[in-house]
Amino acid sequence: MSRKRIGLMLSVGRLWAMSRPFRLGCRSRTPGFSPGARDLVVYELRRLWHWIYERERLVYHVGNLQHVLNRIRRRQ
Amino acid sequence: MKKPMRVKDFAALQAWLETRLDVIRCVSFDVFDTLLARCIEPPDDIQRRVAALLAEKIGGITPDAAFEARRAAEWELRRAALSDGLDHECHFDPLVESWVARLVGHPDPTLVGFVHRTERELESLALTAKPGALALLEWLQARGVRVIAVSDMYLSHDHLAALLADCGLGGLLDRLYVSSEFGLGKYSGRLHARVLELERQTLEGLTPTQVVHVGDNLVSDMRASMQLGMRGIYLDERVERLRRRRQTLSAEMTALGGVWPGRRFFEVVDYRMEQDAACQAACADFFHHYGAHVLGPAFSTFLLGLIEKIETAKPDKLFFLARDGYLFEKMYARWRELESGKHWPEPVYVYASRRVVATASVAEGLSPEQAVVAFYNPKQQGLLSVLKTFGLPAEDFADLAREQGFADLAEPLHDWRDPRLLAFLADERVQTRIRSIGKIAHERLRRYFEQQGFFASERVALVDIGWNGTIQKFLRDSFGKRPDYPDVHGWYFAFVAAMHGDFGMGDRIEGLILDARRGDSYERAPMDFEEIFEQGARSGEGTTLGYAEQDGQVIPVLKDDRAPDRKGEIACNPLIERFQAGVLDHLEHFHAAWRLTGHNAAEIKPYVLGLLERAVVYPTREEVGEISRLVHTEDFGHDHTLDIGVISIRYFDLLRPRRLYRKLRNQPWKFSAFAHFGWTLPAWLFRLMHLLGVRRRS
């Protein structure tokens, strides 16, 4: 089986999409497994931010740049 | 100072070290997030959990107050260290003593011991050696390079050494240095300097350039060590770092309730399962994987709910009903082992089927209201089903049935108030024959349950997959008037209350994952494919047909393995065993995650319902193909096998929704028909249509 099997982790977007028939079909009053549209957006935006902005890596590259600049300065 | 250096993983680190082995004499590692990974983030959550457990033990203190007291004790120790000219390090031993004294007002060695044990246990559950760490340490050891570990940590040296040993790294480190023992931290460079000084006592003439320090913190591990002339290497594992951030984000989201606590909980379980090599290897098999990833979360959450019920109701005994209570009994036994310090009610696996209790329940005769249960099956065969449901031999009643106009006993009846059926049941000769059979069954059932200690208990609980609670109902009908009839609770995986409602049991009967009385439509996935849950939980033996006497004991009589439906079942038993091995694998990690997070069943359940909805309504082609191999038997009034197999539908069928709905309505797994489309929209639309239909009917 080349395709990866579905495991324990379902994406928040998928949970939200699966919960729509309950909202539309049953007008369920309980939240069930729906993450809620607002919370879904909050979660995904924060996740995206974590993915883009990595302080550790940024600090490393700044440090590296400083090292290179120091070497150039010493040579001059 | 040398150029900052980073490596992306242990393999890259090994490749870098390999070319420099002639100059490197000592490799030093950071411990947390370098050699060891935590399955739960942020790390503070372990301290919060210890605080919650301590608050529970002391009583009268909230977990937050207990945690704040710990923080206050820690800051006091850190301030004292700074005023002594050391770094702001604190040691676990004085911290715990001070913390406990703050909470109870005096030193308490018992509570101090409890905190030490609990924190050690939770850290051990949370930590695993990073993939590749073990291999690299072995590689270095084989090349004669000295390997040490240096950690900024409040735990003691012995405590940390024990944790490393638990993760299999204990014997691979030549020495371990912990900041709490020295009062010095890596971040200031003072701990690195002290380590160099001490290492020189072992490795004569060791220079800083001969030492490499590897860690995930740019300041403590790379910059501070490089300032001393050591080679600092930044371990830059992006995937691992993002995983930690994602888990931290999930932990923040748990405050919102709903699906978030469960999602966070299963992130912990998932990470643990990923790190478990044996579990990963076993999951190559479809049935093991399905057991571990679909049935495991559902059954483990049910078990957790059961444990909470036990703690509240405190039954004397738990009766796990054959056959579908089989896996639950095994799971309960394992939970008892894992939580061995507590008192647990004794489990009893009882051979009782709906058929035997139904036969016993007619000792005083069979009423039309009782007979109606035989018609809850699309394949019902009228009077024959009624007789089979109550274990009454058809041949004994054929003559009397013919007198009432039944030409064919197997003719389906679409109205349970059919005049022929009512006349048949009103016939005194019929009732006399029913009573004589019922009384024998009643007597044997009584003796069997007496033998199992049922009537000697004050409060008992029946545990089973559930659906209608028929056994509980018929037991009450048969023995409920006895003065020694215990207070019986029924705790089921699912309770649909379709056949006889809750028969006046109220909160003494409950479906822990699905209970139709709650009216929560999100819970309905198990109802849309009951067979997979029954199959996943069942034992390998045949159903109980009755009881016999042997050496003064009442023993169950099980269905003969030569019966045609049993042959199919027996052929499937190896597949069921693989399902169950997966569920039990899941339970190990589920228990660890529960110890670490402290989430209860109600908090986890919304996410589990999402997992079940995905598995039942949006299965993959592989899932449908493999699960269709299972043979499901119906043995309550109908001795036949049920095809879980798939009906094939085409896109054209989607244009005629009503016809499609009618076509699939009575299929055991209607949503499997959409799996071959390869995308989820058709199943999503059918789910919507199905829920609208359910709403209209209700």
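Only this structure's heavy atoms are used, side chains among them; waters, hydrogens and symmetry mates stay out. Letters go in sequence order (proteins before strands), and every chain restarts at 1.
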Study note, to complete from the structure: Between the CZ atom in B:R524 and the CZ atom in A:F22, the distance rounded to the nearest 0.5 Å is 8.0 Å
Check your understanding: Salt bridge check: are A:R46 and B:E252 linked by an N-O gap of less than 4.0 Å?
Key -> yes
Is chain A contacted by the side chain of [X], its backbone, both, or neither, given a heavy-atom distance below 4.5 Å?
{"X": "B:L256", "result": "side chain"}
{"X": "B:R614", "result": "both"}
{"X": "B:W684", "result": "both"}
{"X": "B:M5", "result": "backbone"}
{"X": "B:L611", "result": "both"}
{"X": "B:A683", "result": "neither"}
{"X": "B:H586", "result": "side chain"}
{"X": "B:F266", "result": "both"}

Is [X] close to chain B through its backbone or its side chain, or both, or neither, when contacts mean heavy atoms under 4.5 Å?
{"X": "A:R14", "result": "side chain"}
{"X": "A:V12", "result": "both"}
{"X": "A:L10", "result": "both"}

Practice item. Give the minimum heavy-atom separation between A:L15 and B:Y607, together with the two atoms involved. Key: CD1-CE1, 3.7 Å
Study note, to complete from the structure: Between B:L692 and A:L24, the two heavy atoms sitting closest are CD2-O, 4.2 Å
Check: [Y] and [X] side chains under 4.5 Å, non-hydrogen atoms:
{"X": "A:H61", "Y": "B:R6", "answer": "yes"}
{"X": "A:R5", "Y": "B:H293", "answer": "no"}
{"X": "A:F33", "Y": "B:R263", "answer": "no"}
{"X": "B:L249", "Y": "A:Y43", "answer": "yes"}

Check your understanding: Quick one: is the NZ or CZ of B:R246 closer than 6.0 Å to the six-membered ring centre of A:W51, and within 45° of its axis?
Key -> no
Exercise for review: Under 4.5 Å, counting heavy-atom pairs only, tell me which of A:R20, A:R57, A:R71, A:Q66 racks up the most with chain B.
Suggested key: A:R57
Point to revise | Options A:P31, A:G63, A:G36, A:S34, ranked by heavy-atom pairs under 4.5 Å with chain B, top entry | key: A:P31
